[in-house]
**Student:** 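Here it is, the structure, as structure tokens.
In the text below, chain A, chain B and the rest are named by the order of the sequence lines, each starting its count at 1. All of these numbers come straight from a predicted model, not from anything done at the bench.
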2 protein chains.
Amino acid sequence: MARVSKKPEVRRKEIIDAALSLFSEKGYEQTAVSDIVKKLGVAQGTFYYHFKTKGEIIAAIVDSLVIEKVDKARELANGGGTAKEKLAIFLRGSGTREAEPMMLGFLHHANNAFIHQKVLVQVVQQSVPYVMKILEQGAEEGTFTIRHLQETAEYILTGIHFMFDPGIFEWPEDALTHKRSAFMQIIERMLGDSFAFVPFV
Amino acid sequence: MARVSKKPEVRRKEIIDAALSLFSEKGYEQTAVSDIVKKLGVAQGTFYYHFKTKGEIIAAIVDSLVIEKVDKARELANGGGTAKEKLAIFLRGSGTREAEPMMLGFLHHANNAFIHQKVLVQVVQQSVPYVMKILEQGAEEGTFTIRHLQETAEYILTGIHFMFDPGIFEWPEDALTHKRSAFMQIIERMLGDSFAFVPFV
DNA sequence: TTTAACTGACTGACAGTCAGTCATTATAGT
DNA sequence: ACTATAATGACTGACTGTCAGTCAGTTAAA
């Protein structure tokens, strides 16, 4: 075969892209390394020159997904607006078809559940500081009163990322809108948002 | 080989038990069907006489785990005590070493993440009615005031089962006690528990 | 000339198959 | 009641196809 040498970074990216596309179609388990290299027109050894195992390619994909999602949380926390607005945006943008670059089909394939879970746990844990920042801002603005800052942030993130992820809980499409607004209200009360809820004492 | 015929229910149970024990040691992926039948001293065909695929044995295991956990929620909901007490018991009993029969080692093996997830989702969804019942009781007792009954139950269950499951989030042992009590307080406020929290208005 | 990227045939392990075996149980003939 | 015979269904184990991972050797580029 006509042999082409490329810089490792370039080849790695090619391999990752091809893998991602196949994982989206067939799922991780159902995609053979031989499928990936066939799609690229390289030998199987090439794959193993750049990646130690088939699983290692997942680590690479997971990392890039996590970074992307956590970045959004950071930007939101550091951007402008009231805490309440930021939180609403955060909720609105979760569990939707958009937001994902092209990984959507890949992550939500039933066979990739465990990768999905890894991503979510990482995203939740790494986003905690940014949500805490938003909550602190809300406290300063007088909108929120919070006792357990970190745990509250963790719990909100868990709700957003696990409950509203279409790959975990598969809520019917029409129930989602209602669920999301209910969730927003529940969280507002959790945050002691005095403008959102007056207890009936 | 000396051939022994047994009733399918008996054989199935034998196979499930052997599989469970091996999954605990080595994980699901790392256990070959040939390992399972070797342990039992039967032929490989016997396995495939009783189960269509290797994966099917998981469905059987998952089902029995789910039933067991959901049963506990139902008993709690139908038993005696105030709603607040019941909720406390529910929180206390989650994410601990005990409570599990022998599946512990099996579910928390890193290689079984996806089975674990299936169990959790099923448990959450099937427990919702029982937690709702507890919340309704709390409303009647005047302890709780709740707007979105179902969503609140879903969110509480998600918190309990995902956040506090040692196989998903791996919190350090000493942080757990504090986290659990913080979680209880967050939930009490979420439920508008007027005896637990007075907003600083 | 050296080195780093690449090759592709090969290996071992595994999930799943299948044609056939044997123990058990039901039925019929005496 | 007491066998012979048939039918059933649990069980066998050698076999197949597929796949992750290996490695000794090849070639393009620096």
**Student:** Answer yes if the side chains of B:Ser21 and B:Lys39 hold a donor-acceptor pair under 3.5 Å, and no otherwise.
**Tutor:**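 Indeed, the side chains of B:Ser21 and B:Lys39 share at least one donor-acceptor pair under 3.5 Å.
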
**Student:** Looking just at side-chain N and O atoms, do A:Lys38 and A:Gln44 make a donor-acceptor pair shorter than 3.5 Å?
**Tutor:**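 On atom types as modelled, these side chains do not qualify, holding no pair under 3.5 Å.
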
**Student:** Run the salt-bridge test on A:Glu14 and A:Arg11 with the 4.0 Å N-O cut-off and return the result as yes or no.
**Tutor:**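 Judged by the 4.0 Å cut-off on N to carboxylate O distance, A:Glu14 and A:Arg11 do form a salt bridge.
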
**Student:** Any side-chain N or O of B:Ser5 under 4.0 Å from OP1/OP2 of C:dT24?
**Tutor:**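 Checking B:Ser5 against C:dT24: no side-chain N or O falls below 4.0 Å of OP1 or OP2.
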
**Student:** Answer with yes or no whether the side chains of B:Thr145 and A:Arg189 bring together a donor and an acceptor at under 3.5 Å.
**Tutor:** yes

**Student:** Quick one: B:Glu29 CD to C:dA13 P, roughly how many Å, whole number?
**Tutor:** 18 Å

**Student:** Check the side chains of B:Gln122 and B:Lys69 for a donor-acceptor pair under 3.5 angstrom, ignoring hydrogens and angles.
**Tutor:**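 No, because no side-chain N or O of B:Lys69 sits under 3.5 Å from a partner of the opposite role on B:Gln122.
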
**Student:** Are B:Phe164 and B:Phe183 an aromatic pair, judged by ring center distance below 6.0 Å?
**Tutor:** yes

**Student:** Can you measure B:Leu40 atom CG to D:dT12 atom P for me and round it to whole angstrom units?
**Tutor:** 10 Å

**Student:** Between atom CZ in B:Arg11 and atom P in D:dG9, what is the gap in whole Å?
**Tutor:** 17 Å

**Student:** Could you check whether B:Lys6 gets within reach of a base, just the sugar-phosphate, or nothing at all, counting any heavy atom under 4.0 Å?
**Tutor:**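 Counting heavy atoms under 4.0 Å across all strands, the contact made by B:Lys6 is with sugar-phosphate only.
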
**Student:** Please give, in whole Å, the distance from D:dT18 C1' to A:Lys38 NZ?
**Tutor:** 11 Å

**Student:** Without decimals, in angstroms, what is the distance between B:Asp35 CG and C:dA15 P?
**Tutor:** 8 Å

**Student:** Between P on D:dG9 and CD on B:Glu9, what's the gap in Å once rounded to a whole number?
**Tutor:**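 Taking atom P of D:dG9 as the reference, CD of B:Glu9 is at 14 Å.
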
**Student:** I'd like a list of close polar pairs between nucleotides 16-20 of chain C and the protein, N/O only, cut-off under 3.5 Å.
**Tutor:**
residue	atom	partner	partner atom	Å
C:dG16	OP2	B:Tyr48	OH	3.2
C:dG16	OP2	B:Lys54	N	2.8
C:dG16	N7	B:Gln44	NE2	3.2

